[in-house]
Amino acid sequence: MTVRTGRHFLQIPGPTNVPDRVLRAMAAPTLDHRGPEFAELTRRVLDGLKPVFDTTSPVVVYPSSGTGAWEAALVNTLSPGDRVLCFETGHFATLWRDMAESLGLEVEFVPGDWRHGASPEAAADLLTADVAHRVKAVCVVHNETSTGVVSRVPEIRAALDAAGHPALLLVDTVSSLASIEYHHEAWGVDVTVTGSQKGLMLPPGLGFNAVSPKAIEASHTARLPRSFWDWAPILDANAAGFFPYTPATNLLYGLAEALAMLAEEGVEQVWARHARHAAATRAAVRGWGLDVLCADAREHSGSLTAVLLPDGQDADAVRKIVLERFDMSLGTGLGRLAGKVFRIGHLGHFNDLTLAGTLAGVQMGLELAGIAVGPDGLAAALDHLRTT
Ligand SMILES: Cc1ncc(COP(=O)(O)O)c(C=O)c1O
């Protein structure tokens with residue numbers, strides 16, 4: 001039997017550490033989801049979500065993972081054979097593309113090198129050339145969790161506007177909402193997709209669609225088959241404080257508590273906290289003499305850092321040592337990045353000393369793996385934390 005003392009360090013880029021306050025809130029007895037107390041909870045949660053997405057329009061909550069929320073965004077707004085523009089930013093963008101194809105959409109997938117975000121220039125060229133407006137939706141993963149690269153959504157919006165193109169803008173914020181600056185309404189996003197298990201500090205199990213009036217309008221004529229994911233009955237039931245099916249009651253208790261915590265801190269402070277921890281992490285990576293995978297300084301992720309190892313080094317061997325010796329989980333390399341990178345999650349319920357402990361574990365793991373690292377990584381990060 002392995003005896004573990006202290007808390008496991010869950011430093012993958014989601015699911016993230018769930019605060020004790022949220023765990024305690026979820027431990028309440030399950031209540032009647034058709035009773036008055038539940039209606040009050042629903043209204044509190046649905047109102048509390050709006051400032052986090054920065055929207056005045058409705059947010060639809062599903063008992064699902066983020067993948068379900070991806071599907072909901074597509075099936076509510078599009079019809080068989082519709083053309084959608086997607087960008088190959090990494091593993092999750094590729095999975096969303098695969099889903100769109102399997103639903104019968106015609107996908108134009110702009111190739112990428114997994115070190116950059118969606119190209120606003122490519123978007124501008126393709127949308128300007130699409131004079132017949134065959135493209136019905138543009139899909140962007142805001143924070144590509146497999147690479148730690150943020151796509152510049154406002155610049156994609158600007159490309160749509162400059163081309164006078166009416167396509168919907170669908171944005172995945174699964175690993176950026178409540179971590180990295182985001183404005184559903186001001187950025188002209190039509191559907192924002194997210195999940196509960198990252199910046200929202202909950203266990204996995206809730207999926208979300210924030211929807212614009214234009215997206216709701218599109219849902220009236222969209223013909224992809226949908227039933228469970230259909231926004232209309234959910235929005236109808238939500239108006240009275242209910243859901244058309246049994247909701248994930250205890251996760252909603254947790255959501256109410258997590259939203260209260262985010263409101264207490266202030267969402268802008270939450271973004272600033274993440275940006276500061278990300279900068280300290282990059283200082284550590286530079287100090288170790290290693291490279292951050294993200295190749296554009298404008299696109300560094302606030303919620304995770306993917307660390308690229310020199311050729312011939314196995315990133316999973318480092319992760320294994322860190323797990324076995326220091327009881328810390330780091331994110332593995334996904335898809336074509338398998339074995340080449342490990343990912344440090346620094347999002348959600350997190351503070352300076354959590355980061356210091358995390359980076360100390362990574363530094364010791366690198367040393368034990370025999371990877372020649374500069375000695376200054378941890379010191380550089382601590383310096384950043386001390387002085388900012
Ligand atoms: C950016 C992004 N999109 C979508 C997903 C899929 O979400 P889920 O695993 O909750 O279905 C993830 C999961 O990590 C993700 O990071």
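Remember, it's 1-based here, ligands and their atoms both numbered in the order they're listed. From a predicted model like this one, the values you see are computed outputs, not experimental measurements.
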Close-contact set for ligand 1 against G66 heavy atoms, below 4.0 Å: 7 (O), 8 (P), 10 (O), 11 (O)

Side chain, backbone, both or neither: the part of E144 lying under 4.0 Å from ligand 1 by heavy atom: neither

Side chain R343, main chain T145, donor-acceptor under 3.5 Å: yes

For atom 13 (C) of ligand 1, the protein heavy atom that lies nearest, with its residue and separation: F92 CE2, 3.4 Å

Numbered atoms of ligand 1 (with element) below 4.0 Å of Q197, judged on heavy atoms: 8 (P), 10 (O)

Atom 4 (C) of ligand 1: the protein heavy-atom neighbour that sits closest, reported with distance to 0.1 Å: W70 CZ2, 3.2 Å

From L206, D172, V193, T145 - option closest to atom 16 (O) of ligand 1 by heavy atom: T145

Within reach of ligand 1, part of W96 (heavy-atom separation under 4.0 Å): neither

Pair H8-S329, side-chain donor/acceptor within less than 3.5 Å: yes

Basic-acidic side-chain contact under 4.0 Å: D161, R157: yes

Closest protein heavy atom to atom 6 (C) of ligand 1, given as residue, atom name and distance to 0.1 Å: T67 OG1, 3.6 Å

Atoms in ligand 1 flagged as close to N143, the criterion being non-hydrogen separation under 4.0 Å: 1 (C)

Parallel, tilted or perpendicular: ring planes of F350 versus H277, cut at 30 and 60 degrees: perpendicular

Check ion pair R7-D327 (N to O, under 4.0 angstrom): no

Lys/Arg N to Asp/Glu carboxylate O, D383 vs R286, below 4.0 Å: no

For S65, the ligand 1 atoms whose distance to one of its heavy atoms is below 4.0 Å: 8 (P), 10 (O), 11 (O)

P13 versus L347, closest heavy-atom pair with distance: CA-CD2, 3.7 Å

Closest protein heavy atom (residue, atom, distance) for atom 14 (O) of ligand 1: K198 NZ, 2.8 Å

Salt bridge R134-E106, side-chain N to carboxylate O under 4.0 Å: yes

